[in-house]
Amino acid sequence: TMKGMIHIMGGSPHASMSIPAATKRKRGLGTRIGMREAFLTLQLLFTKSPVMIRLRIRSMENTSHIIILSTTFRKIQNLPLSTQLPLSVLDFGFHNLGKTMWVNLCIDMESLSLDNFNKRFKALDALHLK
């Protein structure tokens with residue numbers, strides 16, 4: 001089974017999308033996506049606004065980790081339970097030209113988990129786009 005959603009990156013600075021929905025997380029309902037696939041593929045339309053992708057993953061030890069990818073980061077910052085990675089792949093100068101760009105972003109979840117936390121990937125529990 002495959003699900004599809006469309007989210008345009010940009011517009012209001014407060015526009016964002018969270019899966020599961022933030023309202024459900026606050027009430028303690030549906031707190032995990034539980035996606036166990038090795039690759040996450042996002043097809044996104046980027047505008048000239050800064051972009052942030054936040055992933056909450058769970059390791060085989062059931063430890064929760066946060067991975068944040070952003071066009072505003074300039075260097076990698078690793079902490080024991082979180083990491084920040086520059087999304088420099090999108091820095092082609094189109095932000096300055098006022099253009100938009102479609103991007104198919106394929107994320108290797110297992111490699112991200114092993115490289116940043118030295119833990120095996122178990123599941124993607126939450127996704128936040130801003």
Side-chain angles (χ1 to χ4, degrees):
T1 304
M2 189 175 208
K3 279 189 175 180
M5 288 183 260
I6 297 173
H7 182 72
I8 297 174
M9 304 299 291
S12 164
H14 304 291
S16 65
M17 179 179 77
S18 293
I19 304 170
T23 55
K24 289 184 178 181
R25 281 199 310 269
K26 288 177 185 173
R27 293 185 197 130
L29 304 171
T31 58
R32 292 182 177 169
I33 298 173
M35 187 193 91
R36 295 176 185 257
E37 284 75 18
F39 294 93
L40 171 66
T41 302
L42 302 170
Q43 186 177 46
L44 303 166
L45 177 62
F46 289 97
T47 63
K48 59 184 176 178
S49 302
V51 173
M52 188 268 307
I53 301 170
R54 183 177 184 268
L55 307 169
R56 189 179 76 213
I57 66 169
R58 191 169 7 118
S59 68
M60 288 294 189
E61 295 83 11
N62 282 326
T63 306
S64 188
H65 300 279
I66 303 294
I67 299 169
I68 303 171
L69 301 103
S70 177
T71 55
T72 60
F73 298 151
R74 295 295 167 229
K75 61 180 183 172
I76 296 171
Q77 182 177 355
N78 283 334
L79 297 171
L81 296 175
S82 67
T83 192
Q84 295 180 349
L85 302 170
L87 203 51
S88 56
V89 69
L90 301 175
D91 195 13
F92 294 118
F94 76 93
H95 292 289
N96 298 328
L97 299 174
K99 294 182 179 178
T100 60
M101 182 170 70
W102 278 103
V103 173
N104 292 321
L105 187 62
C106 185
I107 301 170
D108 181 345
M109 303 302 285
E110 181 70 29
S111 292
L112 250 153
S113 183
L114 281 172
D115 292 347
N116 290 287
F117 308 113
N118 203 25
K119 306 277 184 187
R120 299 246 5 252
F121 170 76
K122 183 175 183 179
L124 173 67
D125 287 335
L127 168 67
H128 180 79
L129 302 172
K130 184 172 181 179

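Quantities reported herein were computed from a predicted structural model and do not represent experimental measurements.
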Ignoring hydrogens and angles, write down the donor-acceptor pairs under 3.5 Å from the side chains of residues 117-127, residues two or more places apart or on other chains.
residue: Arg120; atom: NE; partner: Glu110; partner atom: OE2; Å: 3.0
residue: Lys122; atom: NZ; partner: Asn62; partner atom: OD1; Å: 3.0
residue: Asp125; atom: OD1; partner: Arg58; partner atom: NE; Å: 3.4
residue: Asp125; atom: OD1; partner: Arg58; partner atom: NH2; Å: 2.8
residue: Asp125; atom: OD2; partner: Arg58; partner atom: NE; Å: 2.9

Closest non-hydrogen contact found for Cys106 with Thr41 is SG-OG1, 3.6 Å
Give the cluster check for Met35 versus Ile57: same hydrophobic cluster or not, with ILVMFWY residues linked at side-chain heavy-atom distances below 4.5 Å. yes
Spell out, yes or no, whether Met60 and Leu112 are grouped together once hydrophobic residues are joined by side-chain heavy atoms under 4.5 Å, including indirect joins. no
Side chain to side chain contact (heavy atoms under 4.5 Å, CB included) involving [X] - partner list, sequence neighbours excluded:
{"X": "Ile76", "result": "Asn78, Thr83, Leu85, Pro86"}
{"X": "Thr72", "result": "Pro50, Ser70"}
{"X": "Ser82", "result": "Ile66, Leu79"}

Answer yes if the side chains of Ser59 and Glu61 hold a donor-acceptor pair under 3.5 Å, and no otherwise. yes
So the salt bridge (Lys or Arg N to Asp or Glu O under 4.0 Å) pairs with at least one residue in residues 36-45 (sequence neighbours excluded) are none
Apply side-chain contact (heavy atoms from CB on, under 4.5 Å) to the pair Ile107 and Ile67, showing each step before the final yes or no. CA-CA 11 Å; Ile107 301 170; Ile67 299 169; over 6 Å; no
The reported gap from CD in Gln43 to CG in Asn104 (rounded to nearest 0.5 angstrom) is 4.5 Å
request  = Kindly determine whether Leu69 and Leu55 satisfy side-chain contact (heavy atoms from CB on, under 4.5 Å), including the steps that lead there.
outcome  = CA-CA 8 Å; Leu69 301 103; Leu55 307 169; 4.1 Å; yes
Applying side-chain hydrogen bond (donor to acceptor under 3.5 Å, both in side chains) to Asp115 and not counting sequence neighbours gives none
